[in-house]
Amino acid sequence: MSNLSPTTLETYNRHINSRLIPAIGHLTLDQIKPGHILGFLKELEKPESRLKKPKQNGSENDNVVVEVSSLDFGTIGYIYRVLKNILKRAEEWKMILSNPMEGIKKPTPPIEIRKQNNLIKKVIPSITMIRKHRMLWTLFIVKQGSGDCLCLALC
């Protein structure tokens, strides 16, 4: 762990304490099976998987609203990597005979989300250019059959 930056170590610890220990902390390393991991990863993909952080509505006397939403697939992938690294190290140190993560692929977002992410990646350079040149443009997306079309209009 000494080769990890303090920020990475903090992030690892946060995911270990908030996700891994509550989900599989009751198991010893040699009890963790691929089925446990697959079930855990599926749970992370559920809409209510984001840890519920209370949001304050103004003053202390207001009611607390709890937001429920799904985890980003980048976060799920990070948690996957944390668990994979832990189990890989346990195997290297002969704490387990084999790594239960072997053969388990990193979760990937559904095709619709990947398409949205690709569109966003295409849009960002245009938006950066618009902001850089302080132009007033209207940005809108037009649905076209199987794909989306990005349109810019000068205001």
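Every value quoted in this text rests on a predicted model; they were computed, and no experiment measured them.
The side-chain contact (heavy atoms from CB on, under 4.5 Å) with Ile76 is formed by just one residue from the set Lys106, Arg81, Arg19, Glu45; it is Glu45.
Scanning all heavy atoms of the two residues, the minimum distance from Pro22 to Asn17 falls at CD-O, 3.3 Å. A pairwise comparison of heavy atoms in Pro34 and Pro100 identifies CG-O, 3.5 Å as the closest pair. Closest approach of Arg89 to Glu92, counting heavy atoms only: NH1-OE1, 2.6 Å.
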Quick one, Phe73 with Tyr78, criterion side-chain contact (heavy atoms from CB on, under 4.5 Å). Give me CA distance, side-chain angles, the key distance, then yes/no.
CA-CA 8 Å; Phe73 270 88; Tyr78 197 95; over 6 Å; no
Does the pair Ile86 and Ile16 meet the rule for a side-chain contact (heavy atoms from CB on, under 4.5 Å), with working shown?
CA-CA 10 Å; Ile86 290 169; Ile16 289 167; 3.9 Å; yes
Where do Leu87 and Ile37 land on the side-chain contact (heavy atoms from CB on, under 4.5 Å) test, with the steps shown first?
CA-CA 11 Å; Leu87 293 172; Ile37 296 165; 3.9 Å; yes
Under the side-chain contact (heavy atoms from CB on, under 4.5 Å) rule, what do Tyr80 and Leu44 come out as? Steps first, then yes or no, please.
CA-CA 10 Å; Tyr80 167 90; Leu44 292 178; over 6 Å; no
Mind running side chain to side chain donor-acceptor pair (under 3.5 Å) on Thr28 and Gln31 for me, showing each step along the way?
CA-CA 5 Å; Thr28 60; Gln31 291 175 323; 3.2 Å; yes
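In this structure, the separation between CH2 on Trp93 and CG on Leu29 is 10.5 Å, given to the nearest 0.5 Å. Considering CE of Met101 and CD1 of Ile32, their distance stands at 10.0 Å, rounded to 0.5 Å. Glu10 contributes atom CD, which lies 10.5 Å from atom NE2 of His15 (distance to the nearest 0.5 angstrom). If you take OH on Tyr12 and CG on Asn85, they are separated by 4.0 Å, rounding to the nearest 0.5 Å. To the nearest 0.5 Å, atoms CG (Leu97) and CG (Asp30) are separated by 8.5 Å.
Using a distance-only test at 3.5 Å, with no hydrogens or angles considered, no donor-acceptor pair links the side chain of Thr75 to the main chain of Leu71.
With sequence neighbours left out, Thr8 forms a side chain to side chain donor-acceptor pair (under 3.5 Å) with Ser5.
A salt bridge is defined here as a Lys NZ or Arg NE, NH1 or NH2 lying under 4.0 Å from an Asp or Glu carboxylate O, and Lys88 with Glu91 fails to meet this definition.
Contact annotation: the side chain of Ile24 approaches that of Leu83 to within less than 4.5 Å [non-hydrogen atoms, C-beta and beyond].
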